[in-house]
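Just so it is clear: chains get the letters A, B, ... in the order the sequence lines come, proteins before strands, and each one is counted from 1. Below, all heavy atoms of this structure are taken into account, side chains as well, without hydrogens, waters or symmetry copies.
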Amino acid sequence: MTTQFGKSCHLHLIDGSAFIFRAYHALPPLTRKSDGLPVGAVSGFVNMLQRYVEGNTGPDAATHVAVIFDKGSHTFRNDLYDQYKANREAMPEDLRPQIPLTRDATRAFNIACEEIEGFEADDIIATLAHQARDAGGRVTILSSDKDLMQLVGGGVEMLDPMKNKRIDTDGVHEKFGVGPERVVDVQALAGDSVDNVPGAPGIGIKTAALLINEYGSLEELLDRAEEIKQPKRRQTLIDNRDQIELSKQLVQLDCDMELPFDLDSLEIKDADPETLMGFLAEMEFRTVTKRIADKLGIEAPVIADVAPTPIETSAAEAVPFDQATYSKVADAATLEDWIGRIRERGYVAVDTETTGLNEMTADLVGICLCVEAGDACYIPLTHKASASDDLFGSDELAQGQMGLDEALALLKPVLEDPSVLKIGQNMKYDAKIFARVGIDIAAMDDTMLMSYAMNAGLHNHGMDGLSERYLNHKPIEIKSLLGTGKSAITFDRVPIEDAVKYAAEDADITLRLWQLFKPQLHEKCVTTVYETLERPLVPVLAQMERTGVKVDRDTLSRMSNAFSQKMAGLEAELYELAGREFNVQSPAQVGTILFDEMALEGGKKTKTGQWSTPADVLEDLATEHDFPARILDYRQLAKLKSTYTDALQTHINVETGRVHTSYSIAGANTGRLASNDPNLQNIPVRTEEGRRIREAFVAEPGKTLVSLDYSQIELRILAHIAGIDTLKQAFKDGHDIHAMTASEMFDVPLDEMTPDIRRQAKAINFGVIYGISGFGLARNLRIPRAEAQGFIDRYFERFPGIRTYMDDTVAFAKEHGYVETLFGRKINTPEINAKGPHAGFAKRAAINAPIQGTAADVIRRAMIRMPAAIAGQPAKMLLQVHDELIFEVAEDGVDQLIETAREVMEGASDPAVRLDVKLAVDAGQGANWAEAH
DNA sequence: ACGCTCACG
DNA sequence: GACGTACGTGAGCGTA
């Protein structure tokens with residue numbers, strides 16, 4: 001039941017951003033006890049809302065209310081003037097994750113919460129104020145922002161909530177020296193250094209008001225500027241007319257927005273106590289929860305009092321490692337006791353022990369838990385009886401273990417409870433193992449990913465290394481339990497007593513690393529990266545990997561046979577050409593034949609003193625001789641057969657009939673994923689023969705493979721970061737970017753472009769991304785080095801922004817020791833100040849990392865959003881190949897999937913980063929990957 | 001275990 | 001002035 005907004009109604013419009021910043025600065029940096037999430041501003045915000053709700057009584061009480069927020073940083077004003085708000089300082093790192101929580105808080109209070117992409121909160125406020133005023137109602141804007149003063153009058157007032165001071169028409173006069181209707185004129189002249197509105201140089205509010213009052217309006221003033229007596233002031237207004245008019249456009253609020261809601265929907269509603277309490281409890285606000293509960297006359301929910309996360313780095317080291325303190329859990333009562341302690345604490349480090357490294361085939365052997373440094377246990381579950389009296393190993397279970405099902409049934413509720421944080425090292429592995437026994441881990445932190453967010457480029461992020469580096473403790477080596485090579489045993493054959501020490505230690509180390517890393521995330525300003533680009537990817541990848549992709553064994557098998565035959569023929573031919581038999585696959589032997597026996601020119605040796613025979617050298621020789629040409633043919637076939645048609649077959653899972661790769665999240669320093677076991681990111685495509693291997697990657701009957709890939713994403717990002725207008729425009733117009741580059745560089749009109757000139761420009765475009773050098777380009781294009789250098793010089797001349805980008809990036813790296821992506825991912829560059837040949841590598845890597853890394857961030861964001869976006873559609877995301885996502889879709893769902901996935905991918909940078917260049921996504925489909933790509 | 005070569009973006 | 005160079009990966013093979 002809603003009343004029509006009208007005469008007797010009173011609308012309150014709350015400036016949400018102002019509330020947030022006030023709350024942020026007014027409160028100390030509180031963190032949520034259980035996991036260290038910064039919540040100080042949320043707490044202040046909640047208090048302000050509560051005080052507002054409590055105070056909204058009496059004759060001035062609102063009947064309708066909304067909290068209005070800014071959304072995104074790019075608005076129509078940036079399109080008018082790209083420097084608008086350019087001086088704004090970046091949002092503090094610990095405030096960023098709190099922004100969405102303030103929306104949640106508003107909704108929890110059952111107060112309307114509005115934001116619209118591309119507009120500032122002020123525009124929404126302006127539009128609503130006008131609508132309410134026109135409907136005959138009364139409006140109070142709760143804000144002290146002077147930009148909103150233009151709205152005052154005709155029943156619209158402002159209220160500064162801190163000073164509790166009302167601002168009416170007189171108040172505006174006091175501030176601006178003119179009435180509300182002329183405020184924008186004054187602002188247009190005076191400008192605003194905070195928002196970077198230029199205004200007229202040398203004119204402030206006082207002078208502006210004087211002029212406006214004299215001439216009546218800004219337009220009148222500008223038209224009659226010649227009449228101004230003071231010569232300097234006159235000249236300023238004449239010279240800066242455009243800038244002043246632009247300024248007016250910038251400060252003028254949009255009162256005429258199309259809103260997707262109406263005034264009636266803002267009517268005040270009581271909060272739903274359960275929702276509100278739920279939110280407050282989730283935030284772990286004890287005091288305010290109790291206060292509001294008392295007010296509502298209800299019982300306050302119990303908030304588990306978990307121990308605060310130790311902040312002192314010494315805490316992790318204070319307790320010495322002692323394997324004797326680890327205990328074995330072998331009965332339900334003891335396990336229940338542990339679970340009680342976990343619930344009490346609110347977090348637990350978890351590690352699984354299994355029979356292997358492949359999560360799809362390895363079986364769960366035991367689970368370890370740790371709640372406090374030095375306090376860890378191991379729950380053996382499926383250890384086999386001692387192998388010592390049975391040469392082949394017994395299949396009987398060892399004594400002294402509780403039942404697998406019983407243990408899992410007890411653990412499942414706490415592992416799936418989102419209010420209990422599960423801490424792991426490489427949680428994707430454990431999550432997949434648990435998923436296979438029906439447990440869906442909820443709420444987790446990952447020490448490997450924390451290290452990656454902070455230390456990419458400095459070192460690897462494996463547990464043993466992290467332990468030695470940060471805890472000064474060398475863990476028990478798994479080798480000492482399992483042995484190596486052929487005689488290695490699986491973990492289920494390890495005696496339980498030994499397993500307890502090893503396994504519990506892993507959980508202990510993980511917990512201590514977490515205690516150390518958690519507060520460091522904020523100190524190193526990578527909380528947002530960890531929270532938005534690392535952690536949420538874990539469940540997404542786990543699902544993709546478990547789904548796998550169907551690979552047709554017969555297709556591969558047939559190809560293998562065909563390759564074998566061709567190779568046999570080539571082998572005979574090669575023996576003939578060489579005059580003797582030799583190992584065709586040995587570069588050393590091939591080198592001897594080419595450069596010693598055949599005495600060809602151009603051979604180089606590797607650092608180990610062997611002849612070097614890479615493809616490009618052989619290609620040069622192949623123009624004159626058959627032997628190197630046949631070697632190249634042979635090598636291509638051998639590669640395809642051994643790495644692809646043969647090896648892929650061994651990766652087909654017997655249960656699923658599919659291939660399940662595993663993605664390393666923390667492998668590549670730039671933020672890219674890496675695929676392994678098997679690597680599905682390097683399936684051939686560049687040659688026709690290799691491309692056919694993709695025919696073996698198929699959709700299930702009735703389904704279709706769909707591939708969507710970003711078009712030229714790295715060049716688009718380069719154009720944005722380096723601010724290259726010509727490139728930006730070319731992308732906007734949908735031009736062939738390499739042809740355009742060629743045209744610019746070589747002064748060839750586009751309609752006279754030859755493939756060869758375009759090819760050269762393409763090589764230069766890519767070279768730029770890699771940190772171009774004359775040498776590298778010369779080798780790639782096989783042209784003299786001087787000529788290559790000439791191209792590069794020319795390129796920099798035509799696109800000077802790129803030179804600046806490269807120089808600035810290297811300078812930044814030298815100063816800070818890292819470079820950054822647009823999303824704040826930091827890539828450390830410890831070698832950047834090194835002397836000698838290392839320096840060149842480090843420089844080029846530093847130039848490349850922000851570009852490659854930003855592209856990696858973009859597709860990560862798309863992948864993280866994808867499951868929710870395609871929920872309900874008959875589609876599954878299967879693979880990622882750096883700029884490409886592959887889906888398996890029911891045939892009648894293909895069009896919808898493409899539409900949805902494209903939207904997610906093209907909008908992946910929003911709203912965190914507004915790219916000057918739109919992202920474009922190409923789509924393909926087919927029964928197999930060759931057709932879909 | 002390491003180097004060489006080559007598959008991908 | 002010389003030196004050594006495109007960026008980021010993973011895997012299979014030969015050689016030690």
Side-chain angles (χ1 to χ4, degrees), chain A residues 456-457 484-485 582-591 604-619 631-632 634-648 650-651 661-664 667-687 689-691 693-694 709-715 718 763-781 785 788 792 819 827 835-853 855-856 859 879-884 933:
Chain A
T484 53
F582 65 102
N583 186 346
V584 183
Q585 306 221 70
S586 163
Q589 293 183 35
V590 168
K604 287 200 189 102
K605 298 234 171 144
T606 66
K607 48 187 157 184
T608 52
Q610 308 267 16
W611 286 113
S612 172
T613 62
D616 56 347
V617 171
L618 266 48
E619 274 163 27
I631 289 284
L632 284 168
Y634 185 94
R635 277 190 185 170
Q636 195 200 1
L637 296 174
K639 177 78 176 178
L640 294 176
K641 179 165 151 52
S642 69
T643 310
Y644 299 104
T645 55
D646 287 350
L648 263 175
T650 71
H651 281 98
T661 184
S662 177
Y663 291 97
S664 327
N669 290 336
T670 53
R672 272 198 179 178
L673 301 179
S675 160
N676 45 45
D677 288 305
N679 183 354
L680 295 186
Q681 290 180 324
N682 71 346
I683 303 302
V685 71
R686 291 172 187 170
T687 66
E689 210 153 22
R691 217 168 72 91
I693 290 174
R694 295 183 172 222
D709 68 295
Y710 283 109
S711 163
Q712 306 286 9
I713 186 170
E714 291 192 347
L715 277 176
L718 174 69
I764 298 168
N765 275 333
F766 282 112
V768 162
I769 291 171
Y770 300 148
I772 201 158
S773 75
F775 182 91
L777 183 65
R779 205 178 56 170
N780 191 292
L781 287 177
R785 200 171 150 174
I792 294 169
V819 291
I827 297 111
K835 296 275 174 279
H838 289 318
F841 278 114
K843 265 191 192 178
R844 291 191 296 273
I847 289 166
N848 173 259
I851 303 168
Q852 188 181 114
I859 198 165
L879 300 173
Q880 188 249 41
V881 192
H882 308 307
D883 63 359
E884 175 186 17
H933 185 78

Chi angles and distances behind the side-chain contact (heavy atoms from CB on, under 4.5 Å) call for V584(A), I631(A): CA-CA 7 Å; V584(A) 183; I631(A) 289 284; 4.0 Å; yes
side-chain contact (heavy atoms from CB on, under 4.5 Å) between V590(A) and W611(A), intermediate numbers included: CA-CA 8 Å; V590(A) 168; W611(A) 286 113; over 6 Å; no
Side-chain donor-acceptor pairs of residues 846-853 of chain A under 3.5 Å, sequence neighbours excluded:
residue, atom, partner, partner atom, Å
N848(A), OD1, Q852(A), NE2, 3.3
N848(A), ND2, I769(A), O, 3.1
Q852(A), OE1, T670(A), OG1, 2.7

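Residue S664(A) places no side-chain N or O under 4.0 Å from the OP1 or OP2 atom of dT9(C).
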Would you tabulate the nitrogen or oxygen pairs shorter than 3.5 Å linking the protein to nucleotides 11-13 of chain C?
residue, atom, partner, partner atom, Å
dA11(C), OP1, D677(A), N, 2.8

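Contact check for R779(A) versus R785(A): no side-chain heavy atoms found under the 4.5 Å cut-off. Between H882(A) and Y710(A), every side-chain heavy-atom pair lies at or beyond the 4.5 Å cut-off.
Across A588(A) and Q610(A), no two heavy atoms sit closer than the pair CB-OE1, 3.2 Å. The shortest non-hydrogen separation linking L640(A) to G690(A) is CD2-CA, 3.8 Å.
Put simply, the side chain of R694(A) gets close to the backbone of I683(A): a donor and an acceptor are under 3.5 Å apart. The backbone N or O of Q880(A) sits less than 3.5 Å from a side-chain atom of Q681(A), completing a donor-acceptor pair. Of the possible polar contacts, none joining the Y770(A) side chain to the G776(A) backbone as a donor-acceptor pair under 3.5 Å is found.
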Contact letters for nucleotides 3-8 of chain C, in which S counts primed atoms plus P, OP1 and OP2 and B counts the base, heavy atoms under 4.0 Å: -BBBBB
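A salt bridge is absent between R635(A) and E619(A); no separation between the charged side-chain nitrogens and carboxylate oxygens falls under 4.0 Å.
More than 12 non-hydrogen atoms from other residues, nucleotides or ligands lie less than 6.0 angstrom from NZ of K641(A).
Spacing of C1' atoms, dT5(B) relative to dC3(C), comes out at 25 Å, to the nearest Å. Separation of the C1' atoms belonging to dC2(B) and dA6(C) is 24 Å when rounded to the nearest angstrom. If you take atom P in dT5(C) and the same atom in dG3(B), they sit 15 Å apart, rounded to whole Å.
Along DNA chain B, the stretch of nucleotides lying under 4.0 Å from any heavy atom of chain A spans, 5' to 3', dG3(B) to dG9(B).
Legend: salt bridge (Lys or Arg N to Asp or Glu O under 4.0 Å) pairs involving residues 604-618 of chain A, not counting sequence neighbours: none detected.
R635(A) comes within contact range of the sugar-phosphate backbone alone, with a heavy-atom separation under 4.0 Å but no base atom that close. In this structure, Q589(A) reaches the sugar-phosphate backbone alone: every heavy-atom distance under 4.0 Å involves primed, P, OP1 or OP2 atoms, never a base.
Taking a pair as Watson-Crick or G-U wobble with both distances under 3.5 Å, DNA chain C forms stems of 3 or more consecutive pairs at B:1-9 with C:7-15.
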